[in-house]
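Here's the structure we're looking at; comments come further down.
Every number for a ligand or one of its atoms is a count from 1 in the order of the listing.
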Amino acid sequence: MPSDAPPEAPPPTLRLTVDTQALVDNWLALDRLSGRAQAGAAVKANAYGLGIETCVPALRDAGCDSFFVAHWSEVDAVMRHVPAASIAVLHGLINAAEIEYAKATGAVPVLNSLEQARAWRKAGGGRCHVMVDTGINRLGLSPGEVGSADIESLDIDILMSHLACADEDSPMNDRQLELFRETARTVPHRRASFANSAGIALGTDYAFDVTRPGLALYGGVPRAELADRIRSVARVEAAILQVRDIEAGASVGYNAKFTAHEAMRIATVSLGYADGFLRARGPGAVFMAGDKPCPVLGRVSMDMVVVDLAQARDLAPGDWIEAPFSLPHAARQSSVSQYELLTTIGNRLRG
Ligand SMILES: *Cc1c(COP(=O)(O)O)cnc(C)c1O
């Protein structure tokens, strides 16, 4: 009998696998490194591309109870898994619709200016967080504004600031730390928060009451101190679409960037820059078929990339190979930052 239901699509030819145990282990390691402070989790940008649906429940079950997003539009997906009161919205409140939504959901605004503080109080106020800008000059009140009556009269849970250079050995780290300490003395608040992933690696002086790791939860290593403690979380694999044998002198891909010096067996793989495997990742990148390396040849296309099968000659269409996704290594190899490697992971990988 004909059915009105659309036919079910065949399984995708590329996949992202998130190792939630590695994610949890990373959170536990960062929580321990935070000393007496509690680690929260930055889950903005769909948990850095790895998926709110997968990451937030795992972090919650591990004991995480503070979640940081950038946009109000990100609150709903997180709220399905954790209480709204545990979600902080870093972009603050810039219009009446956002204030109304904050009130309606109970997600907590991070107030970034005197104007936002006044608007929040005028709307009835209530528990909030406050960002103070100690030098990154992005979002937040200036330290001098924090002691003002408009701020003092707020119900501040977390007073926070953000480091500009935590992934470097910069004198700016200590300067920001000192300024944050001084500023924190000028206003009542329940908890203080300063360190992102790299900030946690700077030591417990930077940890205060709540830390806000993002990158390192997802397998990023922003400082060498974290290298042995952080496990890889994301695995990207794709299927081979076609295998071909080419002659010496034949070229591969757009703009003929690779030319074979000898006869070669090559494979076209179902992963391209639209999936986050950016063009910058092509030169020098090596896919793995089990323990057999398959180097990328020529330009990465939108939906495909071609690899050398010299060491994996038996592979056939439908076989899967793994894209290089060790973040520190891939970042060095491509000059794309570890943050961008994660957050550009494309939607087709998420099924
Ligand atoms: C993104 C963000 C974090 C997390 O930073 P990572 O470097 O990914 O650990 C923490 N705090 C603020 C304010 C952020 O915007």
Original post:
Is there a donor-acceptor contact under 3.5 Å linking the side chains of H81 and E53?
Top reply: yes
Original post:
Could you give the distance from OG (S270) to CD (Q242), rounded to the nearest 0.5 Å?
Top reply: 12.5 Å
Subject >> Contact atoms of ligand 1, heavy-atom distance to M131 under 4.0 Å >> reply: 13 (C)
Original post:
Quick one: does ligand 1 sit under 4.0 Å from the side chain of R212, the backbone, both or neither, non-hydrogen atoms only?
Top reply: both
Original post:
Under a 4.0 Å N-O cut-off, is there an ion pair linking D65 with R60?
Top reply: no
Original post:
With atoms numbered from 1 as shown, which atoms in ligand 1 lie under 4.0 angstrom from a non-hydrogen atom of G214?
Top reply: 4 (C), 6 (P), 8 (O), 9 (O)
Original post:
Applying the side chain to side chain donor-acceptor pair (under 3.5 Å) test to D155, which of R121, R190, H189 qualifies?
Top reply: R190
Original post:
Between N196 and Y206, do the side chains contain an N or O donor and an N or O acceptor separated by less than 3.5 Å?
Top reply: no
Original post:
Going by atom types alone, do S148 and E145 pair a side-chain donor with an acceptor below 3.5 Å?
Top reply: no
Original post:
Can M160 be said to touch ligand 1, with heavy atoms closer than 4.0 Å?
Top reply: no
Original post:
If you count the atoms of ligand 1 from 1 in the order shown, which ones are under 4.0 Å from a heavy atom of Y48?
Top reply: 1 (C), 4 (C), 5 (O), 6 (P), 8 (O)
**OP:** Report yes if the side chains of L90 and M160 come closer than 4.5 Å at any heavy-atom pair, otherwise no.
**Re:** yes
**OP:** Please report which non-hydrogen protein atom sits nearest to atom 5 (O) of ligand 1, along with the residue it belongs to and the distance in Å to one decimal place.
**Re:** N196 CB, 3.3 Å
Original post:
Contact between Y339 and ligand 1, counting heavy atoms under 4.0 Å?
Top reply: yes
Original post:
Does ligand 1 have an atom under 4.0 Å from some heavy atom of P213?
Top reply: yes
**OP:** Return the residue, atom name and 0.1 Å-rounded distance of the protein heavy atom closest to atom 9 (O) of ligand 1.
**Re:** S197 OG, 2.5 Å
Original post:
Got the closest protein heavy atom to atom 14 (C) of ligand 1, with its distance?
Top reply: K44 NZ, 2.9 Å
Original post:
Between E322 and R235, does a salt bridge (Lys or Arg N to Asp or Glu O under 4.0 Å) hold up when you go through it step by step?
Top reply: CA-CA 7 Å; E322 185 174 354; R235 180 182 168 97; 3.2 Å; yes
Original post:
Can you list the atoms of ligand 1 that are under 4.0 Å from a heavy atom of R138?
Top reply: 15 (O)
Original post:
Sub-3.5 Å donor-acceptor pair from the side chain of S251 to the main-chain atoms of T259, do we have one?
Top reply: no
Original post:
A42 heavy atoms, cut-off 4.0 Å: which ligand 1 atoms fall inside?
Top reply: 4 (C)
Original post:
Which atoms from ligand 1 have a heavy atom of L215 less than 4.0 Å away?
Top reply: 6 (P), 8 (O), 9 (O)
